[in-house]
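To keep things clear, I will list the structure first and then write my remarks on it.
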Amino acid sequence: MRIFMKAARAAMASIAILAGTAAFAQDVTIAVVPKVAVPFFDDCNTGAKTAADALGVSYQWVVPQNTQGATQVKIIEDLIARQVNGIAISVNEPKSVEGVIKQAMQAGIKVVTFDSDSAKSGRSMYIGTINKQAGVTMGNSMAKALGGKGKIAIVTGQLGASNLNERIDGVKEALTAYPGIEIVAVEGTEDDLAKAVSVTEALLRGHPDLAGIFGMSQVGGPAVAKVLAEQEFADRKGKVAVFAFDDLPDTIKGVKDGYINGIMVQRPVTMGKLAVEHLVAQVKGKEAESKDIDTGVTVVNADNLGSYTK
């Protein structure tokens, strides 16, 4: 009987510990804030939610209605008021969120950035593409396609987005080795596909000798492919080299149809997954020191379109 009672007490103690661990996990709330509602961030959401479910924590996906910095500031203020435990954010305007991220950290909330950083905000770590290096890779790819000469244009998203500007910096750095290549325009689209189409049409009309286009944000590839498929620009197919970011279905189709030369494919599922995992580890005190993580890119073209992995 004594042995039975000891075993029962031990079992009850184990159950209590497990219940307490489960309760602690459920008490942890992680919020993930993308830039805006676009397909790239759907992949981030998939990775983040999968990690949250696996870790048994509460999860919130909070999507801004626009790309204005003030909108993300308001979201973080609301999350602070709701006393979430951790926030992962892909930043639209780095400077605008510096103060509110510091405020969240001072309130005991762990904050990481993913995809797009605010390096001076006090966040614990950045998880995502090292964008300047990705831009260098993109610039070198274009230079090779053009044989080192020609006029090119850059179609970007939000003009204040640090990740996109870092990519542009990388492109410009790569192209310093090719004096025969001239950047004739840098145009913003606010990550709006309709605006990106209009911008691309204007570029092709205004520069009949344009040799290349960079699509810096995820709307660039689909927009350029759509425009080059229009009857007005049918004769420009194959004459304008196009390099874009992110493997959206329309971008992949653009490669298959011969409108896009190559895609810089990021790893958004991995970004979301790692963001949640590291936030939970920080909340639980299991990660005292954090270091930035480069999730990398793969250059995808017609040759490896069916074999690359994220």
Side-chain angles (χ1 to χ4, degrees), residues 38-40 134-159 164 167-168 170-172 174-175 177-266 297-308 310:
V38 290
F40 174 85
V136 169
T137 300
M138 195 184 209
N140 286 328
S141 298
M142 178 68 81
K144 183 177 179 181
L146 297 183
K149 59 182 180 180
K151 295 180 179 180
I152 60 98
I154 295 173
V155 177
T156 188
Q158 180 74 12
L159 288 172
L164 304 183
R167 293 172 191 174
I168 293 171
V171 163
K172 289 179 177 178
L175 295 184
Y178 303 94
I181 295 179
E182 178 189 0
I183 298 174
V184 296
V186 178
E187 300 289 345
T189 65
E190 297 182 12
D191 278 323
D192 180 83
L193 180 59
K195 185 171 182 179
V197 167
S198 295
V199 162
T200 304
E201 289 172 340
L203 284 169
L204 290 174
R205 289 172 186 143
H207 301 277
D209 57 348
L210 196 66
I213 298 176
F214 290 108
M216 288 297 169
S217 75
Q218 64 167 357
V219 300
V224 177
K226 183 177 177 65
V227 170
L228 289 175
E230 295 174 6
Q231 185 61 39
E232 179 184 352
F233 304 107
D235 63 335
R236 309 289 284 274
K237 180 181 179 181
K239 296 180 181 177
V240 179
V242 180
F243 287 87
F245 261 86
D246 303 323
D247 57 341
L248 300 186
D250 285 345
T251 310
I252 290 173
K253 186 175 185 300
V255 174
K256 290 179 178 178
D257 293 344
Y259 296 112
I260 297 175
N261 298 62
I263 315 170
M264 309 298 118
V265 176
Q266 302 182 87
V297 294
T298 302
V299 181
V300 175
N301 53 38
D303 295 330
N304 64 345
L305 193 59
S307 60
Y308 75 96
K310 290 188 180 181

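The shortest side-chain heavy-atom distance between Ile213 and Leu204 falls under the 4.5 Å cut-off. Put simply, the side chain of Leu146 reaches to within 4.5 Å of the side chain of Ile152, judged on heavy atoms. By the 4.5 Å heavy-atom criterion applied to side chains, Val300 and Val255 are not counted as neighbours. At least one side-chain heavy atom of Val171 sits less than 4.5 Å from a side-chain heavy atom of Met216. Between Arg167 and Leu164, some side-chain heavy-atom pair lies under the 4.5 Å cut-off. Counting only heavy atoms from C-beta outward, the side chains of Thr251 and Phe245 never approach each other to under 4.5 Å.
Residues satisfying the side-chain hydrogen bond (donor to acceptor under 3.5 Å, both in side chains) test with Ser217, not counting sequence neighbours, are Asp191. For Asp209, the salt bridge (Lys or Arg N to Asp or Glu O under 4.0 Å) partners two or more places apart in sequence, or in a different chain, are Lys151.
Between the side chain of Asp192 and the backbone N or O of Val219 there is no donor-acceptor pair closer than 3.5 Å. Asn261 places a side-chain N or O within donor-acceptor distance of the main-chain N or O of Val242, the cut-off being under 3.5 Å.
Judged as a side-chain hydrogen bond (donor to acceptor under 3.5 Å, both in side chains), the pairs with a partner in residues 223-237 (not counting sequence neighbours) are, in order, Arg205-Glu232.
Note that CG of Leu228 and CD1 of Ile260 are 8.5 Å apart. Values are rounded to the nearest 0.5 Å. Summarising the geometry, atom CE belonging to Met138 is positioned 8.0 Å from atom CZ belonging to Phe243; distances are rounded to the nearest 0.5 Å. In this structure, the separation between OG1 on Thr200 and CD on Glu187 is 9.5 Å, given to the nearest 0.5 Å. With values rounded to the nearest 0.5 angstrom, Glu190 atom CD is found 7.5 Å from Leu159 atom CG. Tyr308 contributes atom OH, which lies 3.5 Å from atom CG of Asp247 (distance to the nearest 0.5 angstrom). Between Lys172 atom NZ and Phe214 atom CZ the span is 11.5 Å, to the nearest 0.5 Å.
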Between Phe233 and Glu201, is the side-chain contact (heavy atoms from CB on, under 4.5 Å) condition met? List the steps.
CA-CA 9 Å; Phe233 304 107; Glu201 289 172 340; 4.0 Å; yes
